[in-house]
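One structure is given here, and the rest of the page talks about it.
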Amino acid sequence: MNALPDPGEITNALSSDSFRACAQLITAIERATPGLTPVLQVLYRGGRGNRIIGITGPPGAGKSSLVNQLITHIRRLGKTVAILAIDPSSPFSGGAVLGDRLRMMQHSADTGVFIRSMASRGQLGGLTKAVGDALIVLDAMPWDYIIVETVGVGQNELDIMQLADTVVLVQTPMSGDDVQAAKAGINEIGDIYVVNKCDHNEADRTVRFLQSMITLGLHLQPEKIWTQPVVKTQSVSGLGIEDLANHIDHFFSVMKPDTPDMRLRRRHRIAYQTKGILRDILERRFHDSNDQQIENSIDAILTRQSDPYALVSELLAAQG
Amino acid sequence: MSEQKIKVIITMVGLDGHTTGAEVISRVLRDAGMEVVYLGVNQTPGMIVNAAIQEDVDIIGISAHASNYSLIEDVISLLRGSGVHDVPIVVGGNVPRHTITDLKAKGIAEVFAPGATGDEIINYIRANARAQNERAA
Ligand SMILES: Nc1nc2c(ncn2[C@@H]2O[C@H](COP(=O)(O)OP(=O)(O)OP(=O)(O)O)[C@@H](O)[C@H]2O)c(=O)[nH]1
Ligand SMILES: [Mg+2]
């Protein structure tokens, strides 16, 4: 077990062997194991273009419970699904409690479901690259759906949603103040809006608010072929899940791969993924460089015999 | 992201509803820089083993307060039967002495009594979790 799994092990069928190989490849991604890049290149080129659903929203909005219900729905239709659940790392210790899987454990013995938790681990380029790479692995496998869950707190976690085909933004019934705060930027992310915990009495008001935001946005972009629906759910009981699943499928039937909107999205995704890889390489070069060398350069910058731009040139020129 | 973080499953088996110990140890391990996948209550051995494989963890911790020790033995035989030989299983809880002997004979790596300190557990995991560089070569 001291080599990377062979890419051929995961591409053909879902099996306990392919699950294990997939899990080990994702670990190798997290650990930046040497020799991984050519494997990812092969897998990318053989990628299937599986449907990738991003699920995000504030902490505790009910995202994982919602994913759990979506899995149940998808499995009832006889389809398969892989889940990548990202939880934040502690900025203090670097550790994490990954609590998403807990909500989905009823599917843990199902051979048509693969669930993997990942910690966000702090670095800017790192998370984009790691999630992008994990999606390369999952996209090489014959899944009907791939779901990515992130907590929509930091810019990083929201940014990651650019790796998905469609983004489900999960919110909860809001008080007046929250609605004001949420106005900024709400139309920029989300193809489908979910108001979860609709057992709460502010739910209808929140739905009306979101709908009027969407209508406002329509005037700004009349040529868009997709208008965001607002769906009410209760992810504990499963209420509204079928409705949500239908909207997701409807999204894919409107935003077909050959439509200009979808093509543009996929181009953006490639650019975004490439930038993530590039940023990761550059950050790594800074961290991996001979510390003494960097310290010497910083000494020179301190006394203004050098400057930060000169250090950047040195780092870029360094072999790595 | 090249740091070699230790990844741990913390779980309960069967109808054991005492979550406090498992939740506390999850936080202690997080604060020691580890990544903890917390599975919660009502887990069957099959669910735990599938989670261990899909999450590719380095060690499994089972919190045991009810006397469902045969389920713990099922976890280890199922895990080894699935071809995972390098991931140790440890147990925490108020386990009778003769049961500890039995569990260890069946391949449980260590049993921590309720008085065990966080540091003891952390140090044990750091020393015994699946070797971090094993697959990196
Ligand atoms: N009342 C009510 N509670 C819900 C509903 N959906 C989820 N919850 C509860 O909300 C809490 C958080 O649920 P999760 O599914 O873990 O939420 P999450 O958004 O994934 O949480 P993070 O990943 O930690 O951000 C749990 O205690 C759920 O039981 C709902 O529709 N109604
Ligand atoms: Mg969650």
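Naming: A, B, ... by sequence-line order, numbering from 1 per chain.
- Rounding to the nearest 0.5 angstrom, the gap separating the CE atom in A:M118 from the CD atom in B:E35 is 9.0 Å.
- Heavy atoms of A:S117 lying under 4.5 Å from chain B belong to its backbone as well as its side chain.
- The minimum heavy-atom distance linking B:N50 with A:A109 is given by the pair ND2-CA, 3.2 Å.
- With a 4.5 Å cut-off on non-hydrogen atoms, A:F114 touches chain B through its backbone and its side chain both.
- Annotation for B:E55 and A:I115: closest pair OE2-O, 3.6 Å, computed over non-hydrogen atoms.
- Both the backbone and the side chain of B:S82 come within contact range of chain A, each with at least one heavy atom under 4.5 Å from a heavy atom of that chain.
- Residues passing the salt bridge (Lys or Arg N to Asp or Glu O under 4.0 Å) test with A:R103, sequence neighbours excluded: none.
- Listed here is the closest heavy atom pair of B:K5 and A:R31: O-NH2, 3.0 Å.
- Across all non-hydrogen atoms, the minimal contact from B:L39 to A:L102 is O-CD1, 3.2 Å.
- No more than 12 heavy atoms of other residues, nucleotides or ligands sit less than 6.0 Å from atom OH of A:Y44.
- Between B:D56 and A:R116, the closest side-chain pair of non-hydrogen atoms falls below 4.5 Å.
- Within 6.0 Å of atom CZ in B:R27, 12 or fewer heavy atoms from other residues, nucleotides or ligands are found, so the atom counts as exposed in its surroundings.
- Closest approach of A:S108 to B:A51, counting heavy atoms only: OG-N, 3.9 Å.
- Per-residue counts of heavy-atom pairs under 4.5 Å with chain A were compared for B:Q54, B:M47, B:R30; the largest is that of B:Q54.
- Closest non-hydrogen pair, A:V97 versus B:S26, comes out as CG2-O, 3.8 Å.
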Under the criterion side chain to side chain contact (heavy atoms under 4.5 Å, CB included), I'd like the reasoning laid out for B:V84 against A:R20: C-alpha separation, chi angles, the key distance, then a yes or no. CA-CA 10 Å; B:V84 181; A:R20 178 156 330 166; 4.2 Å; yes
Please list every donor-acceptor pair under 3.5 Å in which a side-chain atom of residues 57-66 of chain A meets a protein atom from a residue at least two apart or in another chain.
| residue | atom | partner | partner atom | Å |
| --- | --- | --- | --- | --- |
| A:K63 | NZ | A:G57 | O | 3.3 |
| A:K63 | NZ | A:P58 | O | 2.7 |
| A:S64 | OG | A:D100 | OD1 | 2.8 |
| A:S64 | OG | A:E149 | OE1 | 2.7 |
| A:S64 | OG | A:E149 | OE2 | 2.8 |

